[in-house]
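Report on one structure; see the data block that follows.
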Amino acid sequence: MKLNSEDRKFLTLAIETATNNIKDRGGPFGAVVVSQGRIISHAGNRVVADHDPTAHAEVEAIRMASAAMGTHDLSSCVIYSSCEPCPMCLGAIYWAGIKRIVYASDRYQAAASGFNDEMIYMELALEREKRSLTMDHGMKDEGDGVFRQWNDFPGKVLY
């Protein structure tokens with residue numbers, strides 16, 4: 001796909017963020033959240049530096065953008081990433097309501113550099129019982145009770 005000049009500008013920032021992040025004890029990933037042509041946030045991967053397995057660049061940039069915009073709804077935003085987002089980051093992007101991702105490198109290059117998340121993609125496609133992660137299901141009535149309370153709560157905000 002041919003990118004326009006604005007996309008190239010923001011994707012360049014994501015790539016520069018990833019490059020600089022390596023020097024700052026971070027992983028080789030960077031992300032930028034943009035709304036209506038304006039940069040809201042940009043972040044690098046901080047997994048090792050922050051001892052946080054969820055501190056991927058896209059998640060960090062989403063957290064920062066949500067705080068800056070004062071909302072969990074980032075549907076007016078585009079996210080630019082130096083690499084194709086992993087399954088966790090894709091989940092965060094969907095939950096944030098972002099409708100467009102522009103990325104540079106892909107998950108296969110990331111895998112060649114030691115960041116292989118293909119197993120997660122494959123596991124997600126399996127039935128729960130066939131996954132390598134054991135999932136024990138119990139106390140269903142009690143858990144369902146929380147949702148009954150939520151359904152009746154007049155002040156709820158859906159997301």
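Keep in mind that what you see is a predicted model, and the values were worked out from it rather than measured.
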Closest contact, heavy atoms only, [X] versus [Y]:
X: Ser132; Y: Met119; result: OG-SD, 4.5 Å
X: Cys86; Y: His56; result: SG-ND1, 3.4 Å
X: Ile62; Y: Ala96; result: CG2-CB, 4.1 Å
X: Ala104; Y: Leu11; result: N-CD1, 3.9 Å
X: Met88; Y: Pro53; result: CE-O, 3.9 Å

Would you give the length of the straight line joining atom [atom1] of [X] to atom [atom2] of [Y], rounded to the nearest 0.5 angstrom?
X: Ile79; Y: Tyr103; atom1: CD1; atom2: OH; answer: 13.5 Å
X: Leu90; Y: Asp117; atom1: CG; atom2: CG; answer: 9.0 Å
X: Asp152; Y: Phe147; atom1: CG; atom2: CZ; answer: 13.5 Å
X: Lys2; Y: Arg8; atom1: NZ; atom2: CZ; answer: 7.0 Å
X: Leu13; Y: Ile39; atom1: CG; atom2: CD1; answer: 5.0 Å
X: Asp24; Y: Asn20; atom1: CG; atom2: CG; answer: 8.5 Å

Do the non-hydrogen side-chain atoms of [X] and [Y] ever get within less than 4.5 Å of each other?
X: Ile93; Y: Pro85; value: yes
X: Val32; Y: Ser41; value: no
X: Thr134; Y: Asp136; value: yes
X: Ile40; Y: Met69; value: yes
X: Phe115; Y: Pro28; value: yes
X: Val78; Y: Ile98; value: no
X: Cys83; Y: Gln109; value: no
X: Thr54; Y: Arg63; value: yes

**Study point:** Shared hydrophobic cluster for Ile15 and Leu3 (ILVMFWY, side-chain gaps under 4.5 Å)
**Key:**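 Result: yes, single cluster for both.
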
Review point. Should the ring pair Tyr80 and Phe10 be called parallel, tilted or perpendicular, given that the plane angle runs from 0 to 90° and is split at 30 and 60?
Key: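 Tilted.
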
**Study point:** Under-4.0 Å salt bridge between Arg100 and Asp7
**Key:**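 Judged by the 4.0 Å cut-off on N to carboxylate O distance, Arg100 and Asp7 do form a salt bridge.
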
Check your understanding: Going by an N to O cut-off under 4.0 Å, is there a salt bridge joining Glu127 and Lys130?
Key ->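 The answer is no: the pair does not qualify as a salt bridge.
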
Any donor and acceptor pair, going by atom type alone, linking the side chain of [X] with main-chain N or O of [Y] inside 3.5 Å?
X: Asn21; Y: Thr17; result: no
X: Ser82; Y: Gly30; result: yes
X: Asn4; Y: Glu6; result: yes
X: Arg131; Y: Glu123; result: yes
X: Asn45; Y: Phe29; result: no

Check your understanding: Quick one: do the Ser76 and Gln36 side chains pair a donor with an acceptor below 3.5 Å?
Key ->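 Not at all, the side chains of Ser76 and Gln36 share no donor-acceptor pair under 3.5 Å.
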
Review point. With no hydrogens and no angle check, do the side chains of Asp73 and Tyr159 hold a donor and an acceptor under 3.5 Å apart?
Key: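 Per modelled atom types, Asp73 and Tyr159 side chains form no pair under 3.5 Å.
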
**Study point:** Test side chain to side chain contact (heavy atoms under 4.5 Å, CB included) applied to Asp52 and Val47, step by step
**Key:** CA-CA 5 Å; Asp52 180 354; Val47 170; over 6 Å; no

Check your understanding: Should we say atom NZ of Lys156 is surrounded by more than 12 heavy atoms from elsewhere, each under 6.0 Å from it?
Key ->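 Atom NZ in Lys156 is crowded, with more than 12 foreign heavy atoms closer than 6.0 Å.
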
Check your understanding: Are Arg107 and Tyr121 in a cation-pi setup, meaning NZ or CZ lies under 6.0 angstrom from the ring centre and within 45 degrees of the ring axis?
Key ->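 Verdict for Tyr121: a cation-pi partner in Arg107.
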
